Each structure stands twice: as C-alpha cells, then as structure tokens.
Amino acid sequence: MKTFPDDFLWGGAVAANQVEGAYLEEGKGLSTSDVQPQGVFGPVVERVPGDSGIKDVAIDFYHRYPEDIKLFAEMGFSCLRVSIAWTRIFPNGDEQQPNEAGLAFYDRLFDELAAHNITPLVTLSHYEMPWGLVKQYGGWGSRQTIGFFERYARTVFARYKEKVKLWLTFNEINMSLHAPMTGVGLPETSSKGEVYQAIHHQLVASALAVKACHEIIPDAKIGDMLLGGVRYPITCKPEDVLKAQSANREWLFFGDVQARGAYPAWIQRFFRENDIALNVTTQDAADLKETVDFISFSYYMSGCAAAQPALYQSSRANIMRMIPNPHLQSSEWGWQIDPQGLRFLLNELHDRYQKPLFIVENGLGAKDVPAEDCSIQDDYRIQYLQAHLVQVREAIEDGVELLGYTSWGPIDLVSAGTAQMSKRYGFIYVDRDDEGNGTLERRRKKSFFWYRDVIGSNGASLHDPV
Ligand code: BGP
C-alpha cells in the first residue's frame, strides 16, 4: 500500500493578518494589510479614528489561539504554519529596539503549540509589511528596507531559536508582479522596472535572512514560498507551448534566484526588451548566493497560456491572468480545480531544484451553509482535498522528496483576495459573516473528522485516484 513518509508533517496554514485581529493591540503598528480593507488587490484606504474593517478582529485568533490549537491537536496536526506580524515586533519598521509585548505574544503561541506537539512553520512576511516603511521610505523600492527587514529577521531568529526550526521568508514572493502594494509596498501604478527593482531588494533581503537563520539557528531549515501558478499551453501549437514556458518562468524566476543563487540567463533578455536596468551591486550578487534549504509553495489551481492575445480577453480577472482550461471544473470563485496539476508541479519543482519540497497551502474556498441541526456537511471540500492528496501520494511514489502538507485555512479566516469571511476553507467553522456579525464560535465541520482520519492513518485512508 502506498503511504506517506513516517516523519511527514501534516497540518494547516494561516497568516497573521487573516486570523489574529487585535490590529492595534499591545503596541502593534499598522501594516499594509490594515490599510487594504478590501484585500490584496483592493485600494489603499488610510485609517481614520473610529473606522473599522473585517480584518481588525478577523477570527480573534490573538485571544482564542489556545482553543484553536486544541482543535488542531484533536485533528492530529503535527505542524501549523503561522506568520509573525512584522508590525507587532517593529511597529513602524525602522525602530532600533523591538516591541517586547509583540515578541511575548509569539512566545506564548509557540509554547502552546509545543504543549500539543505541533511543530511551527513560521513565515516572516505574509502579505504585509509596516505601513510606516511604505509611507516614509517607499516600501521595498528603497534599499534601506533590506536593513530593516534583516534586523527584524535577526531579532525573531534570536528570540525563538529554541522554539522554531522551520522558517519561510516571503509568502508567495512572485505575487508582487500582480499585487505590488501587497508584495513590495509599491503603488499599483508603478512601472515594471520599479517593481523588479523592489523585488530585487526583497530577494536580497530573503537571502540575508537565510544567511542569518543559518548562523543563528544552525539546526533550522529555511525555505522560500512561491505561488505555484502552473500554466499549460492552450493547444499543442509550438507557439502556445513557448508562451506557456515563458508564463511559467515568470514565477519560477523567483525560485531560480532563491534556490540557485543567481538570476537566470533568460531574464536578461526580458529586462532588455522591457527597458529594465536593475541596480544590482557586486555585494548583492554575493548575498544572493545564500540559497534556501527547501522550496515551499501554494497550489490551488492551474490555467492555460496562449500565443494569441485575444484569448486572454475572455479570461476571468483571476490573479495571474490564466486562460480557463476547457477540461476542468471551477470553484465558486472561478478557480480551476486540477488535482493532477499538483503532481505535475511537485515533479517539475523536484526536477528543477533538487531540494526538498513543502506544500504550505492548498484548499477549496467555498460557501458553507449550516444545516438545520447546525452541522456543516462540506463534502465538496473533502472531495477537493482527497483528490489532491491522492496526487501528492503519487508524486511521493514518483520520487519527490516532500517534507509536509499544510492545507490553507484549517479554520475559517478572512480571505486575502477579497476580504470575505464567506470564502471558507476551514475544517472548523467560525460564526462570522462578511459584515462582521456573528459570535465567533468555532464548530467542527464534516471535513474535520475526515482530515483527522487521514492524518491518523498517515494517508492510508485516502482512496485511489478515480
Ligand atoms: C494565497 C495566500 C493566502 C490565502 C490564499 C487563498 O494566495 O497566500 O494568504 O488567502 O491564497 O486566497 P484567498 O484568501 O484570496 O481565497
């Protein structure tokens, strides 16, 4: 029987700004997420006294984490991916000294996880940065931000070196190309050259964080995090195949720099043809050589690419301008469901980088309608996850080295893309709606028991592919 490795890490993934709430508590500063009330693609709305947004409370994880971790433990989690809100540690981003109350919060969180034998996997920056750094310095457009980030990274490595041995630098680092404010703190109107320069600064900062982690916590592993935006050619016409290759390279570029330590050759042509002249110092090139220990990624969907520009006009305005695949079904939010794409992606990344992989996000955002008895029969979610996990198992059989799997949003949380509560991913239901009404009570869904069995049997309870 095919199974998962004995030390495989099973769990879920959340991000500070989508679960914690307490957005100004105990000295926390405003982050880019706090000024984007409509989500990562929405406009910046400056905060004024008395205003409020859905993320200000989110699911109140800041106060309810013991209860939530207990539920994760009940499902058998061996791993929980969380992020540290940079603004709890350095509220404006440029302080010399960290905020002790913020550091103490994550101490409590990691201690709670340890008490339940759950290994933390910690993202340094998940779709947010101090708003102060954006306003005063121009975000990642400024080279100074590298130093601020390095100070933050060194501070948390030193503080949590006994408690956290698995780290990630920037969440979905390739998303800066599509959501520059969220990714690099630049306005949406920024030119390609400005965005790539900011990305360059962030890539250098990522490498410096990897170096600092290796120095401060020698027995830790630190990875990058990519949005696995798999694109297939819409037809087998050679020009479509080439188009799909360049569409995939757009995001693989980030992995190439972070895992191989240098800019790939082909990007130089892209820069030349787009009048992009990056300022890369000799020191930058040397710093980039510090590469990640493993590759992590999110995977929700795949899409197609075509040489014919007209085909893109019919595509839904999804994040990466993917053309719909006529052979696949879509979620309620138009994300195309493709379990075999996950096996394909795992093999591609394994072949390309020859480093261990970690699936740190995967899941189905769906509307859950509680039944009369208040139960949530989310068979659609079970079906989605089951189909993907079967393909994960196939990829492991193919020879892929995979450290673990953390499904996205094991507890309902605020959506990053649309700031909705109603786009639910959880095994645990949270009583809160898009307007912020609800008791915040937690309830186990049908999928809760299903996932508990999957973890308990180390994947043996999964059916075979259909
Ligand atoms: C990824 C992000 C997550 C998460 C997820 C689902 O892009 O890393 O933060 O939210 O996608 O997206 P959404 O919340 O828009 O449904």
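The shown structure was predicted, so the numbers you read here are calculated from the model rather than taken from an experiment. Every number for a ligand or one of its atoms is a count from 1 in the order of the listing. What you see below is based on every heavy atom in this structure, not just the backbone, and it leaves out hydrogens, waters and symmetry mates.
- Between Tyr152 and Phe149, the ring planes are perpendicular. Angles over 60° get that label, and only those under 30° would be called parallel.
- A donor-acceptor contact under 3.5 angstrom links the side chains of Gln420 and Trp333, judged on distance only.
- Ligand-side atoms of ligand 1 in range of Lys423: 13 (P), 15 (O), 16 (O), range being under 4.0 angstrom from any heavy atom.
- For Glu361, a nitrogen or oxygen atom sits less than 3.5 Å from a nitrogen or oxygen atom of ligand 1, counting backbone and side chain alike.
- Only the side chain of Asn171 comes within 4.0 Å of ligand 1, counting heavy atoms alone; its backbone N, CA, C and O stay farther away.
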Applying ring pair (Phe, Tyr, Trp, His ring centres under 6.0 Å), run through Tyr263 and Tyr196 and close with a yes or a no.
CA-CA 12 Å; Tyr263 278 41; Tyr196 269 101; 8.6 Å; no
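- Using a 4.0 Å cutoff on heavy atoms, Trp335 counts as a contact of ligand 1.
- With atom 15 (O) of ligand 1 as the reference point, the heavy atom nearest to it among Ser33, Gly417, Ala15, Ser331 is part of Gly417.
- Between Phe77 and Phe72, the angle of the ring planes stays under 30°, which puts this pair in the parallel group of the 30/60° scheme.
- For His126, the heavy-atom gap to ligand 1 drops under 4.0 angstrom.
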Mind running ring pair (Phe, Tyr, Trp, His ring centres under 6.0 Å) on Phe105 and Tyr65 for me, showing each step along the way?
-> CA-CA 11 Å; Phe105 167 68; Tyr65 67 89; 5.7 Å; yes
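- Classified by interplanar angle (parallel below 30°, tilted 30° to 60°, perpendicular above 60°), the ring pair Tyr160/Phe110 is perpendicular.
- By the 30° and 60° cut-offs, the orientation of the rings of Trp140 relative to Trp86 is tilted.
- Each of the atoms 5 (C), 6 (C), 11 (O) of ligand 1 lies under 4.0 Å from some heavy atom of Tyr300.
- Proximity to Tyr425 (heavy-atom distance under 4.0 Å) selects the following atoms of ligand 1: 6 (C), 12 (O), 13 (P), 16 (O).
- For ligand 1, one of its N or O atoms has an N or O atom of Ala416 under 3.5 Å away.
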